[in-house]
Amino acid sequence: MSLIVVANRAPFRLTPEGLAPAVGGLATALLPVLEARGGVWVAAGEWGEKPIAPPRESRVRLLRVPLTEREWQGYYGGFANRVLWPLCHYFLERVELRREHFQDYLRVNRRFAEAVSGAWREGDVVFVQDYHLLLLPGLLRERIRAPIGFFFHIPWPSSGVFRILPWGRALVEGVLGADLVGFHTPEYVENFLRTAAYYGFPVEGNRVRVGERSVRVEAHPLGIDTRRFRELAEDPGVGAHARALRRLAGADRLILGVDRLDYTKGVLERLLAYERLLQSYPHWRGRVAFFQIATPSRTSVAAYRELKRRVDEAAGRILGNFLREDWVPLRYFYQTYSQEELAAFYRAADVAFITPLRDGMNLVALEYAYTAGEGVLVLSSLAGAAEYLKEALLVNPYDLDGMAATLDRALRMPLGERQERLEALKGRVEALEVQGWAERFLASLEG
Ligand code: ADQ
């Protein structure tokens, strides 16, 4: 049976050598399964974007849903990124409720439903991805008799928060068009079940009743491509680059942060915590360096430009206060890197400081734990990954003093303890292997 994957974005990107699979969780998780079974990937034809086709040898067909500028702005820039994204990450003051954005979201979800039902053949399985397409499973249910899976990559918030949405019931009903609904953690499953119950759907165990149907809700944590990251960890080129980064750091210890520049990732709070470390634990001055990598993201949204300004300002202040002729306390790289380059940063760092204010999972934490040679993972307790990476040092990303104290502990951790924790973490990441994710989800859907 063929598979139809539906997501906002296409799984390919244009490189100087031609078309390549996109870097990031979704493409890595789903392309191999789609190649193996054959099938279609349906994605938005982002307004103004150059059309691309899959590489010629691929068994994957790419189907675009062309959107007008207005539709794209309303559905993506408006409802997805100014309503659902901040709401699900508990940034309630950033939520901008506008009826016309919801209308665009509904219209675009309908366009997706038409495209998918046009491509669907009897027996095909449909797998819908993420917060851009909450209404799609319901719209598909009205049109085709397919097994439908839905996976939500970001946190499902507590029902008290979700109820802020005037369209909450319609959105939950849309999700419940699926046969199987997946989240990264049991907490999000629980939140979703309570939300469904609030809107009057009977819940029994992990099942929601919708008329005659029963919808299953399960935790399916996403992992990383462990084989790929093991190769990178052992690559001599990556090793050489890692040593060069250590020389550049020019300090005994190197701390690393890697994120898209997004307000949910806690980059600003993290810089403030590092500043607190330098203030409150002055013996680290001159002995520690912090590299923060931030990938430009959603730069057309004003909130993201404002965040960039504030991060620039904090970085400037830290340098202004602490920089010495023989020591650069902070380097801030505002750019995208290849996986090889990221792996070199992971190999070089003594401490990964990954402190999102909320995060569905956070694959960077997994990538670091799996690739590092001898490192300590300091991880936000509010990331989905904290549910699984038990040997990380967990921090509250809002508590600057707590983060500074934990950094100090991480920097002083004896070798034996570091090795023990990292070894255990690698085992945890192994268990979350990415190919298994899609297979387990689809087996449960079809089973
Ligand atoms: P994201 O919010 O994008 O994903 P994350 O899970 O950390 O967050 O994935 C980021 C990916 O981008 C990682 O694979 C990382 O290697 C890569 N990346 C980050 N910075 C980079 C840089 N400067 N250069 C190159 N690559 C970079 C959303 C949710 C997460 C959830 C995933 C998957 O917000 O919570 O874990 O989907 O479900």
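We count ligands from 1, going down the list as the structure has it; atoms in each ligand are counted the same way. A quick note: this is a predicted structure, and the numbers were derived from the prediction, not measured.
- Numbered from 1 in the order shown, with element, the atoms of ligand 1 that lie under 4.0 Å from a heavy atom of G360 read 35 (O).
- A salt bridge links E340 with R228; the closest basic N to acidic carboxylate O contact falls under 4.0 Å.
- Under 4.0 angstrom from ligand 1, there are no non-hydrogen atoms of Y131.
- Rounding to the nearest 0.5 Å gives a distance of 11.0 Å between CH2 of W41 and CD of E35.
- Comment: D104 does not engage R111 in a salt bridge, judged by the lack of any side-chain N to carboxylate O separation of less than 4.0 angstrom.
- Without hydrogens or angle criteria, R347 side chain to L342 main chain gives no donor-acceptor distance under 3.5 Å.
- In summary, the side chains of H241 and E341 do not present any donor paired with an acceptor at a separation below 3.5 Å, with no hydrogens or angles considered.
- No side-chain heavy atom of N109 sits less than 4.5 Å from a side-chain heavy atom of F79.
- Contact between E341 and ligand 1 is absent, with no heavy atom of the residue lying under 4.0 Å from the ligand.
- Remark: among candidates L363, D359, D225, the nearest residue to atom 9 (O) of ligand 1 is L363, based on non-hydrogen atoms.
- Under a 4.0 Å heavy-atom criterion, Y334 is not in contact with ligand 1.
- Within the 4.0 Å heavy-atom cutoff, Q339 does not count among the residues contacting ligand 1.
- Residue W85 approaches ligand 1 through these ligand atoms, each under 4.0 Å from one of its heavy atoms: 34 (O).
- Of the polar atoms of H89, none of the N or O atoms is found under 3.5 Å from an N or O of ligand 1, judged by distance alone.
- Here's the thing with T336: none of its N/O atoms is less than 3.5 angstrom from an N/O atom of ligand 1.
- Every atom of ligand 1 is numbered from 1 in the order shown, and the set under 4.0 Å from a heavy atom of V364 is 7 (O), 15 (C).
- Close approach of ligand 1 to I293 (heavy-atom distance below 4.0 Å) involves ligand atoms 23 (N).
- K426 and E430 are not joined by a salt bridge, as no carboxylate oxygen comes within less than 4.0 angstrom of a charged side-chain nitrogen.
- A salt bridge is defined here as a Lys NZ or Arg NE, NH1 or NH2 lying under 4.0 Å from an Asp or Glu carboxylate O, and R230 with E234 fails to meet this definition.
- Ring pair Y332/Y334 is tilted by interplanar angle, where 30° to 60° counts as tilted.
- Under a 4.0 Å criterion applied to the non-hydrogen atoms of Q335, ligand 1 contributes the atoms 23 (N).
- When heavy-atom distances to ligand 1 are checked against a 4.0 Å cut-off, L222 comes that close only through its side chain, counted from C-beta outward.
- Comparing heavy-atom distances from atom 18 (N) of ligand 1 across D259, L26, L342, L261 singles out L342 as nearest.
- Heavy-atom contacts of R260 reach the following atoms of ligand 1: 1 (P), 2 (O), 3 (O) (cutoff under 4.0 Å).
- The distance criterion of under 3.5 Å between nitrogen or oxygen atoms is met by E367 with respect to ligand 1.
- Taking the charged nitrogens against the carboxylate oxygens, R358 and D262 have no contact shorter than 4.0 Å, which rules out a salt bridge.
- Ring geometry for Y199 against F162 counts as perpendicular: the plane angle is over 60°, on a 0 to 90° scale with 30° as the lower cut.
- The T295 neighbourhood of ligand 1 comprises atoms 20 (N), 21 (C), 22 (C), 23 (N), 24 (N), with distances under 4.0 Å to a heavy atom of that residue.
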